[in-house]
Amino acid sequence: MKRLLVILTIVVMSLLFGCGGGGGSSGGSNTGSVNNSTDSGTGGSTGSITNPTGGTGSSGGTNDSTSGGNGSGTGGTVDTPVSPPAVTIPGAPTGVTVQPGDGQVTISWNPVANATSYNVYWSTTGSVTPSVATRKVGAVSPCVLTGLMNWTIYYFVVTAVNQSGESAVSTELSATPEALFVAEMVNGKTFDYTISPDGYGVVTFNPDGTFTGQNLKVGQPIAGQWVLQDGVLILVYPWVKAEYFFLSSGTPASFQVIYLVRNYEDGSVSSPVAGTFNLK
């Protein structure tokens, strides 16, 4: 009986305490294996720009005596930055036009590829050089340039700009700011006038196209025909002389003029002088 009990005890112990530990988490099953040191763990994470060597692998399976081999991470490669294509300096603007006005000029041009802004340069002498000309930075077409002198010739060029630099200048154009008379300014109205050094007096522009008045400096009546031609006020006298009045600035009650006389018989022209008309 004692011998039978010993045999049963040995069988039970064998069932409860079998040989060999459990397998690694990513290795193959090693249940019941002894010293399974070759069982491998999970591989490391893939490398990146910030961690080009990759992650460290996890431990392998554990059994009665020895751990399995550590898994190896796959090292990444550092990405090579891709440079954007170089932006070239834009070409010179084309299609440039100028339109004069009263003390101003409006300049327009066609858009230029790759341009981020535009500069306008101007001068009262030709062959405009950006380094010495007056400049408007960040101009937008159409660009109105104000504060210019009437009856003065101005020369203009345009350039295109981007982060790489400034283009060559456009074709140069010229324009002359000028104020223009309109019939409403004078028709049916009477003015005191001063023309230096030719005189001063009073004049009425009649609706029928005639004018009458008095040159008070010499005490002489004046009379003739008045007409507006291309915005210029022209007084034509019976004795073939004509007076030209170029409007330089004005309001409904007063305007300033550039005055000159032309003799139709001999073709001579006087030097221009300034004058003022004040509404009576």
[X] versus [Y], closest heavy-atom pair with distance:
X: Q220; Y: Q214; result: N-NE2, 3.4 Å
X: T106; Y: P142; result: CG2-CB, 3.9 Å
X: Y193; Y: V202; result: CE2-N, 3.3 Å
X: A160; Y: A115; result: CB-CB, 3.8 Å
X: Y154; Y: M149; result: OH-N, 2.8 Å
X: A175; Y: V98; result: CB-CG2, 3.9 Å

(request) Verify side chain to side chain contact (heavy atoms under 4.5 Å, CB included) between L279 and K189, making sure each step is shown before the conclusion. (result) CA-CA 7 Å; L279 187 65; K189 299 177 181 179; 3.8 Å; yes
Side-chain ([X]) to main-chain ([Y]) donor-acceptor, under 3.5 angstrom:
X: K241; Y: L235; value: no
X: S123; Y: T125; value: yes
X: T129; Y: V132; value: no
X: S270; Y: V261; value: yes
X: N162; Y: T88; value: yes
X: N215; Y: G219; value: no
X: T116; Y: V161; value: yes
X: S164; Y: V87; value: yes
X: Y118; Y: V112; value: yes
X: D208; Y: T210; value: yes

Measure the shortest side-chain to side-chain distance between [X] and [Y] over non-hydrogen atoms and say whether it is less than 4.5 angstrom.
X: T159; Y: Y121; answer: yes
X: V186; Y: F181; answer: yes
X: Y200; Y: I195; answer: no
X: T146; Y: V144; answer: yes
X: T212; Y: V203; answer: no
X: F191; Y: K280; answer: no
X: P272; Y: I258; answer: yes
X: V158; Y: I107; answer: yes

Check this for me: [X], atom [atom1], are more than 12 non-hydrogen atoms of other residues, nucleotides or ligands nearer than 6.0 Å?
X: D230; atom1: CG; result: no
X: I153; atom1: CD1; result: no
X: K136; atom1: NZ; result: no
X: Q229; atom1: CD; result: no

Within one Ile-Leu-Val-Met-Phe-Trp-Tyr cluster: [X] and [Y], side-chain cutoff 4.5 Å:
X: V269; Y: V257; value: no
X: L247; Y: V273; value: yes
X: V227; Y: M185; value: no
X: V240; Y: W226; value: no
X: V120; Y: L173; value: yes

(message) Per the salt bridge (Lys or Arg N to Asp or Glu O under 4.0 Å) rule, what does the pair list look like for residues 139-168, sequence neighbours excluded?
(response) none
(request) Could you give me the CA-CA distance, side-chain angles and deciding distance for E243 and Y259, then say whether side chain to side chain contact (heavy atoms under 4.5 Å, CB included) is met? (result) CA-CA 7 Å; E243 296 178 329; Y259 165 80; 2.7 Å; yes
(message) Using side chain to side chain contact (heavy atoms under 4.5 Å, CB included), reason through C143 and W109 one step at a time and then give a plain yes or no.
(response) CA-CA 9 Å; C143 175; W109 59 90; 4.0 Å; yes
(message) Please identify which of these residues, F277, F211, F255, meets the ring pair (Phe, Tyr, Trp, His ring centres under 6.0 Å) condition with F245.
(response) F277
(request) Output the distance between atom OG1 (T190) and atom CG (N278), rounded to the nearest 0.5 Å. (result)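 Rounded to the nearest 0.5 Å, the OG1-CG separation comes to 13.0 Å.
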(request) May I have the step-by-step check of ring pair (Phe, Tyr, Trp, His ring centres under 6.0 Å) for W151 and F246, ending in yes or no? (result) CA-CA 9 Å; W151 310 109; F246 300 88; 5.0 Å; yes
Tell me yes or no: between the side chains of [X] and [Y], is some donor less than 3.5 Å from an acceptor?
X: Q256; Y: S249; answer: yes
X: S248; Y: N150; answer: no
X: Q225; Y: Y237; answer: no

(request) Evaluate the criterion side chain to side chain contact (heavy atoms under 4.5 Å, CB included) for residue pair V137 and S117; output intermediate values, then yes/no. (result) CA-CA 8 Å; V137 177; S117 64; 6.0 Å; no
